[in-house]
Amino acid sequence: PGAGVTKLIVAVQGAGGGGGGGSAAYHASGGSAGGYSEKYFTGVSSTDVMTVVVGAGGGGGTGANGVDGGASQFVSVSGGLHPFTTVEGLGGGKGYIAVDPDAAGGVASGGDIQRNGNGGGDDAGGAYRGGDSMLGSAGNRTGTSTTAAKAGTGYGAGGTGAYGVAGGIGANGRDGV
C-alpha cells in the first residue's frame, strides 16, 4: 500500500468454468461460476507485503468438455494486523458434454462477505446455461442451428454449454478479478 494508507477493502472473484461443447448426438452442460469474497482490512501500513492472483476463465469445449476456471486470491503475507490472511474465490467447474455439470460453483473463503458461485445448467431440456457469479452473468443458450454458445458478461460467470449440433462450441468462462 502507498504511504498514509491504513484501510483496504479487498474483493476477489474467481473465474468461471468453460461450457461444454456439443455434438450431433449430445447437448452440453454449462460451466459453474467462481466464488466471490470481500474483506475489510484496518491497521494497514506501507510496509505490509501483499500478493494478488487473478484467475483466468476456463476455455469452452468444442465437441468436448470445457476447462475449469482459475482461482482469484489476495494474500496478506506480512506486517500489520493481518499477516497470512487469504481472501479467495475458487474458480468454477467445467461444463461437460452429455453429462450434468459440477454441482456447485467455486467456493469463497476468508472474507467478511462471501458467496459461492452458482452451478451451471444441466445438459438436458435446454437448461445448459452457465452459472451466474456475484459480478457477472452467463450468456443465454443458443438456438438449434447455432454452433457457438453466447458469451457472458462481467466477471466470474460460467460459460454456457453448446446445443447438440456437430462441432458445438461451449462459451468460455469469464475471467476473475
Side-chain angles (χ1 to χ4, degrees), residues 1-20 29-61 65-96 100-121 129-140 149-161 170-177:
V5 174
T6 60
K7 299 174 186 173
L8 290 176
I9 297 175
V10 173
V12 295
Q13 171 68 63
S29 59
S32 298
Y36 174 86
S37 188
E38 184 176 313
K39 184 159 186 72
Y40 182 66
F41 289 94
T42 60
V44 175
S45 78
S46 62
T47 60
D48 290 354
V49 177
M50 301 163 189
T51 62
V52 176
V53 174
V54 177
N65 296 337
V67 176
D68 291 337
S72 293
Q73 66 178 202
F74 169 91
V75 180
S76 177
V77 178
S78 65
L81 302 173
H82 310 281
F84 307 108
T85 298
T86 300
V87 181
E88 183 171 49
L90 295 180
K94 62 182 165 258
Y96 295 92
D100 287 346
D102 295 333
V107 175
S109 63
D112 301 317
I113 298 171
Q114 298 176 159
R115 179 176 175 230
N116 294 342
N118 290 332
R129 190 171 183 270
D132 291 336
S133 71
M134 185 78 159
L135 301 177
S137 297
N140 291 324
K150 294 181 181 175
T153 59
Y155 298 98
T160 294
N172 293 335
R174 300 295 295 176
D175 288 339
V177 67

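No donor-acceptor pair under 3.5 Å is formed between the side chain of Ser76 and the backbone N or O of Thr85. Judged by distance alone, the side chain of Asn116 and the main-chain N or O of Ala108 form a donor-acceptor pair under 3.5 Å. Remark: the backbone N or O of Gly95 is not paired with any side-chain donor or acceptor of Ser29 at under 3.5 angstrom. A donor-acceptor contact shorter than 3.5 Å links the side chain of Asp175 to the backbone of Gly57. For the pair Asn118 (side chain) and Asp132 (backbone), a donor-acceptor distance under 3.5 Å is present.
Counting heavy atoms from C-beta outward, Val53 and Gln73 have side chains that approach closer than 4.5 Å. Counting heavy atoms from C-beta on, the side chains of Arg129 and Asn140 come closer than 4.5 Å. For the pair Val10/Met50, no side-chain contact is recorded, criterion being any heavy-atom separation below 4.5 Å from C-beta on.
Once rounded to the nearest 0.5 Å, the distance linking OH of Tyr36 with CD1 of Ile113 reads 6.5 Å. Atom OG1 in Thr160 sits 11.0 Å away from atom CG in Asn172 (nearest 0.5 Å). Considering CD of Gln114 and CD of Glu88, their distance stands at 10.5 Å, rounded to 0.5 Å.
Between Gly66 and Lys94, the shortest heavy-atom contact is O-CD, 3.1 Å. Ser37 approaches Ser109 most closely through the heavy-atom pair OG-O, 3.0 Å. Between Ala149 and Ala171, the shortest heavy-atom distance links the atoms CB-N, 3.6 Å. Contact between Gly136 and Ala157 at its shortest, heavy atoms only, is C-CB, 3.8 Å. Residues Tyr96 and Asn65 come closest through the heavy atom pair CA-OD1, 3.3 Å. Scanning all heavy atoms of the two residues, the minimum distance from Gln13 to Tyr155 falls at CG-O, 3.8 Å.
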Verdict with supporting geometry, Phe41 and Asp48, side-chain contact (heavy atoms from CB on, under 4.5 Å): CA-CA 12 Å; Phe41 289 94; Asp48 290 354; over 6 Å; no
